[in-house]
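Below: the structure, in structure tokens.
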Amino acid sequence: MKTTIKALPAFSYLRTQFIYDPDTGELKYRNIINEKRRCADQAGCIVKGSSGNQYRVATVEYPSGKKETIFAHRVAWKLMTGEEPPVEVDHIDGNGLNNKWLNLRDGSEGVNAKNMRMYNTNTSGVTGVSRSRGKWRARIVRDGQQESLGYFKEKNEAASVAKRERLKLGYTDRHGERKN
């Protein structure tokens, strides 16, 4: 199923609302509307995303007067490129609050998934490794499909095989690290 995301206002209209500093990643409101929305503060507030990471969101006003809460990294993308952000914007360092321009990239086509940390539900302590049939099973996701890499007597052997395959497929070194 393809995710659809509401388009942001036109670039020129968005520029009337926000100032974005690509070096610091700070997004600020241009105008004071009320006490909650002052010019000097960073725009919006911090929320917890579905992945458990924290992200900054900001209120974006549309020409119709309607207001929407939008992830700050999506606003930053449009302010930097003039184009709609991709469905997935990846924070390269995994910190959803680091909206520096050099930390943002198109996360479509599985790029975002190849940069994810270990799931909280992982019981082996190693991404792509699980206990099965009295041995350690190594697996990888290739082109959206889970693929077995074999069964091993030692967990570290299964971990090594899984990591080697992830790196071949363009997964980042950060993929599979434990969350802090």
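Note that the structure is predicted; figures quoted are calculated from it, not measured. We number each residue from 1, following the sequence as shown.
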For this session: Indicate the atoms forming the closest heavy-atom contact of Trp136 with Lys153, along with that distance.
Result: CD1-O, 3.5 Å

Problem set entry | N-O pairing of Lys78 and Glu84 below 4.0 Å | yes

Exercise. Any salt bridge between Lys28 and Glu26, counting N to O under 4.0 Å?
Worked result: yes

Seminar exercise, completed: Between the CZ atom in Arg30 and the CD1 atom in Ile19, the distance rounded to the nearest 0.5 Å is 4.5 Å

Exercise. With no hydrogens and no angle check, do the side chains of Ser124 and Arg131 hold a donor and an acceptor under 3.5 Å apart?
Worked result: no

Exercise. Any idea which heavy atoms bring Arg56 and Gly44 closest together, and the distance?
Worked result: NH1-O, 3.4 Å

Problem set entry | Joint cluster assignment, Trp77 & Met80, ILVMFWY side-chain distance < 4.5 Å | yes

For this session: Looking only at non-hydrogen atoms, find the nearest pair between Leu97 and Tyr55 and report the distance.
Result: CD2-C, 3.7 Å

For this session: Find out if a path of hydrophobic residues (ILVMFWY) with successive side-chain heavy-atom gaps under 4.5 Å connects Leu102 to Leu79.
Result: no

For this session: Give the intermediate values and the outcome of side chain to side chain donor-acceptor pair (under 3.5 Å) for residues Asn53 and His91.
Result: CA-CA 11 Å; Asn53 287 344; His91 291 79; over 6 Å; no

Exercise. Hey, is the main chain of Ala76 close enough, under 3.5 Å, to the side chain of Asn99 for a donor-acceptor pair?
Worked result: no

For this session: Heavy atoms only: give me the nearest Phe11-Gly82 pair and the separation to one decimal.
Result: CD1-CA, 3.8 Å

Exercise. Would you find more than 12 non-hydrogen atoms of other residues, nucleotides or ligands less than 6.0 Å from Lys155 atom NZ?
Worked result: yes

